[in-house]
Amino acid sequence: EAQVTQNPRYLITVTGKKLTVTCSQNMNHEYMSWYRQDPGLGLRQIYYSMNVEVTDKGDVPEGYKVSRKEKRNFPLILESPSPNQTSLYFCASSLLGTAYNEQFFGPGTRLTVL
Amino acid sequence: DQQVKQNSPSLSVQEGRISILNCDYTNSMFDYFLWYKKYPAEGPTFLISISSIKDKNEDGRFTVFLNKSAKHLSLHIVPSQPGDSAVYFCAASFYGGSQGNLIFGKGTKLSVKP
């Protein structure tokens, strides 16, 4: 089954404790992206990657890191989480070179930083 | 500055009636538009799209209309069903897929009452 998976689905942590949210897709997509969803703010892009070893900042990259060492994986790293990073996070992927950019989303990771 | 705007945070409709969700955009370079639906505790899923060379696209109960001169698009759901209750995101992109990025609106929460 074609899908984007994220782990963990739920995470409660404390300020300053490094964490990683994993994202994996099995559709051989070149493009992967991370979003956060906050009430009243919709989906905001954090980082994106157009291929292995190619990453770039989205609209709200501060406090986040990403890496793209393999095509299928795109982990989101919070080196020193803060309470303002409490949010719902989505990973997405899509095929490049198509006529449109339909992105496939993972189920989301709800992060709470105390 | 928001490039994709959904000015109605919520909409309530009676079952069987028409739901109309609106979206405005400011960047005239956008040439492909997508609607995503999101249920609680799930990732957004693609619903329907339209290219800027068209002014209408239909898929079952869902129709998207594009008015390029007004930089406005709308999603019509006829007839509305309780299962349509979700948050709907409008998104825009540039043709060709080389960029991959989608610009999302803040979403409209649709409630369809039985």
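Letters go in sequence order (proteins before strands), and every chain restarts at 1. Quick caveat, the model's predicted, so the values are computed rather than measured.
Judged by distance alone, the side chains of A/Tyr64 and A/Tyr89 do bring a donor and an acceptor atom under 3.5 Å apart. No side-chain N or O of A/Gln37 forms a donor-acceptor pair with one of A/Ser87 less than 3.5 Å apart.
With a 4.5 Å cut-off on non-hydrogen atoms, A/Arg9 touches chain B through its side chain but not through its backbone. Neither the backbone nor the side chain of B/Pro9 comes within less than 4.5 Å of any heavy atom in chain A. With a 4.5 Å cut-off on non-hydrogen atoms, A/Gln6 does not touch chain B at all. Only the side chain of B/Tyr36 comes within contact range of chain A, judged by heavy atoms closer than 4.5 Å.
For the options B/Gly43, B/Pro44, B/Gly105, B/Ala41, heavy-atom pairs under 4.5 Å to chain A are most numerous at B/Pro44.
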Verdict with reasoning, A/Phe104 to B/Phe46, per ring pair (Phe, Tyr, Trp, His ring centres under 6.0 Å):
CA-CA 7 Å; A/Phe104 296 83; B/Phe46 171 74; 8.2 Å; no

Apply salt bridge (Lys or Arg N to Asp or Glu O under 4.0 Å) to A/Arg68 and A/Glu53, showing your working.
CA-CA 5 Å; A/Arg68 188 90 182 273; A/Glu53 303 291 1; over 6 Å; no

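B/Asp55 has no carboxylate O lying under 4.0 Å from a charged side-chain N of B/Lys68, or vice versa, which leaves the two without a salt bridge.
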